[in-house]
Amino acid sequence: MKQQHIFTPGPSQLYPTVPAHLQQGLEDGIYSLSHRSAKAKELVKHAVSGIHELLEIPEDYHIVFLSSATEAMERIIQNTVSEKSFHLISGAFAKKFAMIATELGKKTEKFDVSLHKKLSVKDIVVSQDAELICITQNETSNGWACPVGVISTLHKKYPKKFIAVDIVSSAPYVPLDMTHIDMAFFSVQKGFGLPAGLGVLIISPRAYEKSLQLQKENQIIGSYHNFPSLVENMQSYQTPETPNMLGIYLLRNVVADMLKQGRKTIQEQTDTKAALLYAALEKHKILNPFVQEKAVRSATVVVAHGGDMADLHEHFKQREITVGKGYGANKDDHIRIANFPTHTLADMQLLIESL
Ligand SMILES: *Cc1c(COP(=O)(O)O)cnc(C)c1O
């Protein structure tokens with residue numbers, strides 16, 4: 001089989017070291033390990049400390065494992081919102097977050113961002129009674145990205161409110177200042193290049209406190225996966241249920257690989273590849289970047305439109321390249337191209353030449 005180049009935004013191309021780690025895990029008996037054993041706890045501990053270091057998360061923030069990013073949205077609403085959440089609506093994933101809040105019986109307030117204009121904190125007004133601000137930092141559905149400075153400024157404007165940030169398709173690239181954020185989450189099949197089925201949630205001490213307070217008030221914060229249960233189990237590097245040890249083991253190893261490479265290098269390479277790709281799209285006779293305003297363009301999920309996408313997919317297929325279709329209603333008129341750490345400069349150059 002010829003080498004495949006998979007640029008779909010998720011699941012995406014596996015990180016290059018994954019096959020070797022998978023095999024090593026088999027040889028070391030990781031997939032039959034009791035999750036209450038010392039060896040499993042050691043793995044979980046190492047995974048968590050690696051994530052802390054790679055994403056520059058303050059020491060006193062908690063990291064817990066869930067089944068997916070979608071689950072993280074539900075847990076965040078249950079554990080930190082009593083009445084009302086606020087949502088920056090940038091596309092399908094932001095809408096899903098807001099929908100989950102509605103389904104859990106919360107009131108929601110929404111602010112629609114303009115995909116083609118700069119985003120100014122001045123325009124964002126959050127009402128007094130909204131407890132949590134939800135932001136999809138990198139909107140995988142359309143290639144819009146929230147500048148990290150906007151998030152810090154929003155925190156300074158509303159220091160008492162909690163801020164939750166979806167970094168599913170921008171981690172580990174996105175240089176978020178975690179001190180301005182209470183919760184951030186991702187699943188592993190995007191920027192980490194792993195098989196799907198594992199979600200990671202980062203929780204600030206005060207968000208944890210809020211969940212304890214809601215619990216004391218007898219509000220429903222969920223059962224085995226509520227924050228108190230997750231955090232207490234993690235104090236001894238355990239999980240409330242039998243966890244996805246395969247996923248945790250692979251994540252721990254890929255995070256260690258990324259630490260060796262250095263996050264700064266990953267960020268620089270991502271910026272370089274994104275600049276090349278956007279430049280190629282701007283020069284292109286038929287295709288154009290979908291997001292017109294450069295300040296809110298994603299570096300990690302590049303969306304383009306124009307032309308007959310069926311032809312384009314066929315053209316790529318002959319070159320062993322796969323790009324993502326548009327999301328939802330834009331299935332046939334957009335393409336989405338992932339620019340993750342697994343995608344090398346050579347991969348990106350190949351894609352650009354084939355455009
Ligand atoms: C993929 C994605 C999700 C959902 O991730 P799951 O692992 O399928 O739950 C949420 N938000 C964003 C921005 C995504 O790209």
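Only heavy atoms go into these numbers, but all of them, side chains included; no hydrogens, no water, no symmetry mates. Counting starts at 1 for both ligands and their atoms, following the listed order.
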For ligand 1, which atoms have a heavy atom of [X] less than 4.0 angstrom away?
X: Thr140; answer: 12 (C), 13 (C), 14 (C), 15 (O)
X: Ser187; answer: 5 (O), 6 (P), 7 (O)
X: Asn138; answer: 13 (C)
X: Lys190; answer: 1 (C), 2 (C), 3 (C), 14 (C), 15 (O)

Next on the checklist: Taking Arg297 first and then Glu282, would you say they form a salt bridge - that is, a charged N and a carboxylate O separated by under 4.0 Å?
Outcome noted: yes

Checklist entry - Is the closest basic N to carboxylate O distance between Arg319 and Glu353 below 4.0 Å? => result no

For ligand 1, which part of [X] has a heavy atom less than 4.0 Å away: the side chain, the backbone, both, or neither?
X: Glu71; result: neither
X: Thr70; result: both
X: Lys96; result: neither

Item to check | Contact with ligand 1 for Met73, non-hydrogen, under 4.0 angstrom | outcome: yes

Next on the checklist: When you measure from the heavy atoms of Gln189 to every atom of ligand 1, does any distance fall below 4.0 Å?
Outcome noted: yes

Checklist entry - Which residue supplies the protein heavy atom nearest to atom 10 (C) of ligand 1, what is that atom called, and how far is it? => result Phe93 CD2, 3.4 Å

Checklist entry - In the protein, what heavy atom is nearest to atom 11 (N) of ligand 1, and what distance, to one decimal place, separates them? => result Asp166 OD2, 2.6 Å

Next on the checklist: Using the rule given for side chain to side chain contact (heavy atoms under 4.5 Å, CB included), can you reason through Thr140 versus Val168, listing the C-alpha separation, both sets of side-chain angles and the distance that settles it, and then say yes or no?
Outcome noted: CA-CA 8 Å; Thr140 318; Val168 177; 5.5 Å; no

Next on the checklist: Would Lys96 pass as a cation-pi partner of Tyr327, given that its NZ or CZ must be under 6.0 Å from the six-membered ring centre and within 45 degrees of the axis?
Outcome noted: no

Checklist entry - If you draw the axis of the six-membered ring of Phe227, does the NZ or CZ of Arg75 fall within 45° of it and under 6.0 Å from the ring centre? => result no

Item to check | Atom of Ile77, atom of Cys134 and distance for their closest heavy-atom approach | outcome: CD1-SG, 4.4 Å

Next on the checklist: Tell me whether Ala69 has any N or O atom under 3.5 angstrom from an N or O of ligand 1.
Outcome noted: yes

Next on the checklist: So if I apply the ring-ring contact (aromatic ring centres under 6.0 Å, His included) rule between Phe192 and each of Phe340, Phe186, Tyr15, which one comes out positive?
Outcome noted: Phe186

Item to check | Option from Lys161, Lys160, Lys84, Lys210 for which salt bridge (Lys or Arg N to Asp or Glu O under 4.0 Å) with Glu131 holds | outcome: Lys210

